[in-house]
Amino acid sequence: EAGVAQSPRYKIIEKRQSVAFWCNPISGHATLYWYQQILGQGPKLLIQFQNNGVVDDSQLPKDRFSAERLKGVDSTLKIQPAKLEDSAVYLCASSLGQRVFTDTQYFGPGTRLTVL
Amino acid sequence: GQQVMQIPQYQHVQEGEDFTTYCNSSTTLSNIQWYKQRPGGHPVFLIQLVKSGEVKKQKRLTFQFGEAKKNSSLHITATQTTDVGTYFCAGADTNAGKSTFGDGTTLTVKP
């Protein structure tokens, strides 16, 4: 079974530039999560999709971050414009989505973003 | 809002010593999950606890869920170098409609 795929793996940009990350979840997984993991901290949920609908985006900085999940499969997360404090690893995870709070989350390798 | 705290933040042990990390939630949890993240890697699911007072074992790892369902612990017996990594708990509060990760305990093992 293929895992969660993410690209790019690394990205370096200057502040005020824009950047986009892509995630392809495990086939058949209805729920998709985007997390931000700052060095030394736990993953912080940015947005959670159930199929192509948003379940929770309460911690997404909507003035600069946006995410979409077209057709309930792949997802993109965009930052525009980036700030220095956005430097982090952006993790995508997916789960079956049948019972959201008891589902196992499968994480992708992450995208390490450095904002200079 | 819900807060999930883990202690200690770091633990350095000699190979063969035991290790314990604790997870405490500000709210009552419906379940708790534990994940391991190797250096440079991504979180990998270890186990889920659902019932009050539940204890589960995986080889040298023992997981406990508190009676009040507000705390949990992970104990590793006789650590090995392969145990190195950061251990995260993620607590689900279904009343709040949220699951929150703690900041993890990073374990280093000296051979």
Side-chain angles (χ1 to χ4, degrees), chain A residues 1-10 21 23-26 29 31-50 53-60 88-113, chain B residues 1-10 21 23-25 27-51 54 56 58 65 69 72 74 85-108:
Chain A
E1 174 182 86
V4 176
Q6 288 188 248
S7 68
R9 292 295 310 279
Y10 305 91
F21 311 126
C23 173
N24 181 239
I26 292 173
H29 280 196
T31 305
L32 185 147
Y33 313 77
W34 281 103
Y35 289 91
Q36 180 192 59
Q37 187 175 25
I38 292 172
L39 188 65
Q41 298 181 16
K44 172 188 161 186
L45 181 67
L46 293 175
I47 190 167
Q48 177 181 337
F49 292 95
Q50 181 83 5
V54 175
V55 173
D56 183 357
D57 64 355
S58 57
Q59 298 192 92
L60 186 74
V89 175
Y90 291 84
L91 293 164
C92 178
S94 70
S95 68
L96 278 171
Q98 295 169 352
R99 291 170 295 182
V100 176
F101 293 107
T102 57
D103 281 351
T104 298
Q105 295 186 44
Y106 296 87
F107 285 82
T111 297
R112 183 175 298 277
L113 174 67
Chain B
Q2 181 194 19
Q3 290 187 331
V4 176
M5 308 293 291
Q6 282 188 255
I7 54 171
Q9 187 175 2
Y10 300 97
T21 174
C23 178
N24 297 290
S25 170
T27 60
T28 302
L29 302 171
S30 58
N31 66 73
I32 194 159
Q33 297 179 338
W34 284 91
Y35 290 79
K36 177 182 178 181
Q37 186 172 25
R38 294 182 187 275
H42 56 274
V44 174
F45 176 80
L46 293 176
I47 208 159
Q48 176 171 268
L49 305 170
V50 179
K51 299 176 183 176
E54 188 170 14
K56 286 189 176 180
Q58 286 181 350
F65 201 7
K69 300 184 75 173
S72 180
L74 158 59
T86 301
Y87 293 85
F88 293 99
C89 63
D93 182 343
T94 51
N95 290 330
K98 290 189 180 297
S99 181
T100 303
F101 277 80
D103 281 336
T105 295
T106 298
L107 172 66
T108 56

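Each chain gets a letter, A, B and so on, in the order the sequences are listed, and its residues count up from 1. Owing to the predicted nature of the structure, the values given are computational and were not obtained by experimental measurement.
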What distance do His29(A) atom NE2 and Gln50(A) atom CD have between them, rounded to the nearest 0.5 Å? 11.5 Å
Contact origin within Leu45(A) toward chain B - heavy atom pairs under 4.5 Å: neither
Among Ala93(A), Gly108(A), Gly110(A), Ser58(A), residue most engaged with chain B (heavy-atom pairs, under 4.5 Å): Gly108(A)
Is the gap between the ring centers of Tyr33(A) and Phe49(A) under 6.0 Å?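 Ring centroids of Tyr33(A) and Phe49(A) are no less than 6.0 Å from each other.
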Verify the ring-centre separation between Tyr35(B) and Phe45(B): is it less than 6.0 angstrom?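 Yes - the distance between ring centres of Phe45(B) and Tyr35(B) falls below the 6.0 Å cut-off.
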Side chain / backbone / both / neither for Gln37(B) at chain A, heavy atoms under 4.5 Å: side chain
Quick one: does Thr105(B)'s side chain have a donor or acceptor within less than 3.5 Å of a partner on Pro8(B)'s backbone?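 Present.
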